[in-house]
2 protein chains.
Amino acid sequence: MRVSREQMAENRERILDTAATLFRERGFDGVGVADVMKAVGLTHGGFYGHFSSKDDLAAQALGRAFVHAGQWAAEAKAAEPEAPLQAIFDRYLAPSHRDDPGHGCPVAALGSDTARQGEASRLAATEGVRAAIKGLSAITPGATEEERRTTAIASYATLVGALVLARLVDDGALSDEILAAAKTELQSAQE
Amino acid sequence: MRVSREQMAENRERILDTAATLFRERGFDGVGVADVMKAVGLTHGGFYGHFSSKDDLAAQALGRAFVHAGQWAAEAKAAEPEAPLQAIFDRYLAPSHRDDPGHGCPVAALGSDTARQGEASRLAATEGVRAAIKGLSAITPGATEEERRTTAIASYATLVGALVLARLVDDGALSDEILAAAKTELQSAQE
DNA sequence: CTCTTTATATGATGCTTATCATGTAAATTC
DNA sequence: GAATTTACATGATAAGCATCATATAAAGAG
């Protein structure tokens with residue numbers, strides 16, 4: 001059955017959002033085209049009217065998941081004008097973020113996966129990382145532009161690594177300790 | 001055809017080593033049982049004489065991949081008795097490590113994957129991470145035991161995150177910059 | 001209101017892959 | 001060295017999944 005133009009556009013958006021969440025939760029190979037469509041409330045047949053392939057969906061969903069990363073600085077400034085960097089660290093390293101990969105950082109959720117993905121996905125991720133670094137640099141202290149950027153990149157790496165490690169281990173106490181340790185070090189580096 | 005006891009034991013070891021490499025290179029879902037056996041020079045049929053399932057293999061191969069991580073400190077001390085920590089940072093953040101995931105850090109290569117794996121794999125990874133933290137703590141400077149451990153965990157996170165990001169991006173210059181930035185920050189934190 | 005278009009549903013198709021069943025030849029045992 | 005065991009090979013089996021073909025009913029055009 002046919003749906004209205006707006007309905008179709010909305011369906012497409014929901015497919016993208018749903019895919020972005022499911023991929024982060026279960027990995028690219030852990031989610032089938034039919035799974036995504038079913039979660040949206042459609043059947044698998046209509047999929048290829050929206051996307052040319054699963055790879056195409058993966059790349060676009062990745063881009064969608066990265067949108068948030070590009071707005072890091074702006075959001076943090078709005079939420080905590082006094083200490084935006086601190087707000088980012090707190091949010092990123094919160095147990096709630098660790099426990100909800102579907103709506104969190106795509107690098108932590110799909111990082112090792114994406115490195116093995118097709119070109120389109122790699123490009124989307126690269127742009128996302130670039131935007132995240134730029135946003136972080138803008139609110140990172142430092143004498144020179146270059147120094148701020150270097151520090152921002154390292155902070156980003158610490159955040160990602162800590163979240164990956166915290167999700168990896170099968171021991172809640174150790175997981176909490178990892179998040180806390182990263183937060184402590186990132187704070188003390190700020191002085 | 002049957003092979004000797006030693007031959008069988010050697011085959012089992014080669015299956016494990018090969019799997020540990022292939023999984024890190026292509027992800028758990030990117031490698032089939034038949035792929036591993038073929039790479040070893042056997043056929044898929046004999047697999048279940050060695051392991052009870054692919055999950056079983058994955059868990060044991062992960063354990064194998066983590067062996068190296070537990071010996072971090074010892075190896076670094078042997079190679080660079082003066083500055084073992086520096087040796088670890090240099091080696092971990094080297095382009096050669098980035099470009100050879102099959103023989104490198106299992107957290108960076110399979111981190112986000114493993115978080116979705118079965119219990120046995122999670123446990124193997126948890127033990128590996130624990131050992132790596134312990135090893136790093138032993139050569140990390142700091143006033144108290146607790147402080148050394150906190151710093152070691154954060155350094156580990158920075159290493160992992162930087163490698164994941166460096167492998168993720170589709171731009172060699174940005175990738176190199178990420179590795180260099182992490183190294184710079186880790187060094188300056190040491191004073 | 002009729003005609004045309006099309007977004008989605010249903011139902012193949014073909015491929016990949018984990019696992020199992022059976023055969024066989026070589027190692028081990030006695 | 002005959003009998004037995006067994007590690008591996010060959011060849012199913014069955015399930016999952018990406019993609020495509022066709023049908024249909026509802027939207028949009030006139």
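Lettering follows sequence order; numbering is per chain, from 1. Just so you know, these numbers come straight off a predicted model, no measurement behind them.
- Here the nucleotide nearest the side chain of B:Leu42, chosen from D:dT19, D:dA9, C:dT19, is D:dA9.
- Within a 6.0 Å sphere centred on CZ of A:Arg91, other residues, nucleotides and ligands contribute 12 heavy atoms or fewer.
- Rounded to whole angstrom, the span from the CG atom of A:Asp55 across to the C1' atom of D:dC17 amounts to 14 Å.
- Taking a cutoff of 4.0 Å between a charged side-chain nitrogen and a carboxylate oxygen, A:Arg116 and B:Asp113 qualify as a salt bridge.
- Judged by closest nucleotide on DNA chain C, B:Tyr48 is the one of B:Ser4 and B:Tyr48 placed further toward the 5' end.
- Checked against B:Arg98 for a side-chain contact (heavy atoms from CB on, under 4.5 Å), the options B:Pro95, B:Pro101, B:Ser96 give a single hit: B:Pro95.
- The nearest whole Å value for the distance from the NE2 atom in A:His50 to the P atom in C:dT6 is 14 Å.
- Atoms CZ (B:Phe51) and C1' (C:dA18) sit 15 Å apart, rounded to a whole Å.
- Atom-to-atom, CZ of B:Phe47 to C1' of D:dT10 comes out at 18 Å; the value is rounded to the nearest Å.
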Distances for protein N or O near nucleotides 10-16 of chain C N or O, under 3.5 Å:
unit_1	atom_1	unit_2	atom_2	d
C:dG11	O6	A:His44	NE2	2.6

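- Using a cut-off of 4.0 Å between Lys/Arg side-chain N and Asp/Glu carboxylate O, B:Arg130 and B:Glu127 are scored as salt-bridged.
- No hydrogens or angles were tested; on distance alone, a donor-acceptor pair under 3.5 Å links the side chain of B:Arg2 to the base of C:dA27.
- In this structure, B:Val36 is not a member of the same hydrophobic cluster as B:Val3, with clusters built from ILVMFWY side-chain heavy atoms closer than 4.5 Å.
- Within 6.0 Å of CD in A:Glu147 there are more than 12 heavy atoms belonging to other residues, nucleotides or ligands.
- Among residues two or more places apart in sequence or in another chain, the side chain to side chain contact (heavy atoms under 4.5 Å, CB included) test is passed with A:Asp100 by A:His103.
- Atom CD of A:Glu146 sits in a sparse spot, with 12 or fewer heavy atoms from other residues, nucleotides or ligands closer than 6.0 Å.
- Using a 4.0 Å cutoff on non-hydrogen atoms, the parts of residues 5-36 of chain B near DNA chain D are B:Met8, B:Asn11, ordered by number.
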